[in-house]
Amino acid sequence: MAKSDRLFQQAQRVIPGGVNSPVRAFQAVGGCPCFIERAEGSHIMDVDGNAYVDFVGSWGPMILGHSHPAVVQAVCKAARQGLSFGAATEAEVEMAELMCSMVPSLEMVRMVNSGTEAVMSALRAARGYTGRDKIIKFEGCYHGHFDALLVKAGSGLMTGGLPGSAGVPEGCTQDTLTAVYNDFDSVEKLFEANRGRIAALIIEPVAANMGVVTPEEDFLPKIREICTENGAVLIFDEVITGFRLAPGGAQERYGVQADLTTFGKIIGGGMPVGAYGGKREIMQQIAPAGPVYQAGTLSGNPVAMAAGICQLSLLRDHPEVYRNLERLGDKLRGGLREIISRTGAPCTVTGVGSLSCLFFTPQKVRNYQDAKASDTACFGRYFQHMLKGGFYFAPSQFEAIFLSDAHTDQQIEQMLACAEAFFLREGKA
Ligand code: HOZ
């Protein structure tokens, strides 16, 4: 029996579902999750000695590839000086200044420990600032496992076909309104029906938890405008897109500034960390500067800060990384599209920069309903075929394909050849 299978059996006895986050389970694609031992560059190695080209990258933060020597060195150096102080450090100031210098809309930033925490805190800040309760989110967007936002959420809920989560009291979601991604009318209607009551609108500027769905041309600017007109706080959830689509994230790329932005793992180069930040007048509401309470012993943890400062500085100083990510992303999407047109596979390719998705539906994918039309059984067969071929993708149709600077042209070409073999085989079946 493979060691991964044995570990999975053991794990199921002591960990719910055998995994510490549902998206790691292979429930949607079948089989046992790979138990990972180590990772380096673009490769991830499991406990059975299998090496895969990794297209998950720890769900986003490995923009420079796994175990980047400079990041690892920074972490080791910080760890030798102490693992946690629960007190202010110079590194926190450096990190906040670095983030504010890279993301145009950030004037102040507060560190937390995960993207979920960042979102939860940003919403509280928006509500405290506006004195209003209602929030707008989009179907298929995922903002972590925060009660109020587990409504038609993407990622693991979408993979499991769940409209929401058990254990969330009705009261927690009564002020959550849902709009349709890429459908500005649906947003306008919610603002009209709730005039003067919307505290915030939260959106993934590129939706990357229902597969990848890009914003249509004027969608984000119109959202910006309607939030300004209505005095609602515009929150961009850049847990996936931040520092990835450009040094200043999706907001730099699309030229639309948020009032508040949330970040997660991506700012820690792989360490557990998150942050939220934005306009000074909103951030000044946070305790102890203001009345909105939010706290955490591990917030601004010195080891996480060291990793983050190192990775973000490398990204700031090496614009060629972004050029490479664009090129590799275009190659991957272009290659998949060619295969689709050659083989007649009923698929659609979406994405931008280093984020891509192969949907198993021939229709254009603009929103949650379109994404849900994907043939997930076919995705499951594709996933298993690719895994056997040595390519590790997220075990769900509704996650992104992540590229890093460590991926090579040759790896993309080999991945495309493997994908083509799958479609030729499916065509004959
Ligand atoms: N946003 C990540 C996947 N869509 C979350 C990873 C997780 O839930 O473990």
Side-chain angles (χ1 to χ4, degrees), residues 11 15-29 33-36 39 44 54-63 112-120 122 137-147 149-162 164-165 181 202-214 235-245 249-250 261-276 350-351 354-359 368 371-372 374 376 379 383 392-404:
I15 303 173
V19 287
N20 275 316
S21 190
V23 299
R24 295 175 204 174
F26 277 31
Q27 273 173 357
V29 292
C34 304
F35 278 66
I36 304 303
I44 194 159
D54 179 23
F55 291 97
V56 181
S58 191
W59 307 96
M62 298 307 169
I63 303 176
V112 291
N113 300 292
S114 69
T116 296
E117 212 186 314
V119 164
M120 179 181 92
K137 82 171 284 281
F138 290 84
E139 292 176 2
C141 282
Y142 178 70
H143 305 286
H145 61 96
F146 169 46
D147 280 356
L149 295 176
L150 287 179
V151 181
K152 289 203 178 167
S155 194
L157 281 105
M158 193 169 180
T159 304
L162 304 170
S165 168
Y181 197 84
I202 184 162
I203 185 167
E204 293 178 74
V206 171
N209 285 286
M210 50 171 148
V212 177
V213 182
T214 53
I235 306 174
F236 272 6
D237 181 334
E238 295 232 38
V239 166
I240 289 183
T241 52
F243 302 97
R244 174 173 275 281
L245 291 187
T261 304
T262 58
F263 301 95
K265 49 219 163 204
I266 215 149
I267 62 166
M271 297 297 294
V273 64
Y276 64 105
T350 60
S354 56
L355 294 171
S356 306
C357 187
L358 172 63
F359 282 106
Y368 180 69
K372 281 210 311 193
S374 195
T376 51
F379 173 84
F383 172 86
Y392 184 77
F393 289 94
S396 163
Q397 167 69 89
F398 306 114
E399 303 286 358
I401 302 170
F402 292 93
L403 287 171
S404 78

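For this chain, numbers begin at 1 and follow the sequence in order. We count ligands from 1, going down the list as the structure has it; atoms in each ligand are counted the same way.
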Residue, atom name and distance, where the atom is the protein heavy atom closest to [atom]:
atom: atom 9 (O) of ligand 1; value: S21 OG, 2.5 Å
atom: atom 6 (C) of ligand 1; value: V23 CG2, 3.7 Å
atom: atom 1 (N) of ligand 1; value: N209 OD1, 3.3 Å

Legend entry - Over all atoms of both residues, closest heavy-atom pair of M210 and F359: O-CZ, 3.2 Å
Legend entry - Least distance between heavy atoms, R244 atom then L355 atom: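 Residues R244 and L355, closest heavy atoms: CD-CD2, 3.8 Å.
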Inset, instruction - Could you tell me if the ring centre of F393 sits under 6.0 Å from that of F55? - result: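 F393 vs F55: aromatic centres under 6.0 Å.
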Inset, instruction - Indicate, with yes or no, if the rings of Y142 and F398 have centres closer together than 6.0 Å. - result: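 For Y142 and F398, the ring centres are not under 6.0 Å apart.
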Inset, instruction - In sequence, state the C-alpha distance, the side-chain angles, and the governing distance for S155 and E399, and then conclude on side chain to side chain donor-acceptor pair (under 3.5 Å). - result: CA-CA 6 Å; S155 194; E399 303 286 358; 2.8 Å; yes
Legend entry - Interatomic spacing from CD1 in I266 to OG1 in T241 - rounded to 0.5 Å: 7.5 Å
Inset, instruction - May I ask you to identify, for K265, whether its side chain, its backbone, both or neither come under 4.0 Å of ligand 1 on a heavy-atom basis? - result: side chain
Inset, instruction - Between R24 and ligand 1, find which residue part has any heavy-atom pair under 4.0 Å and reply side chain, backbone, both or neither. - result: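 Neither part.
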Legend entry - Check: S155 N/O within less than 3.5 Å of ligand 1 N/O: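 N/O-N/O distance below 3.5 Å exists for this pair.
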Legend entry - ligand 1 N/O within reach of Y142 N/O, cut-off under 3.5 Å: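 No.
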Inset, instruction - Report, in ascending order of atom number, the atoms of ligand 1 lying under 4.0 Å from any heavy atom of E399. - result: 3 (C), 4 (N)
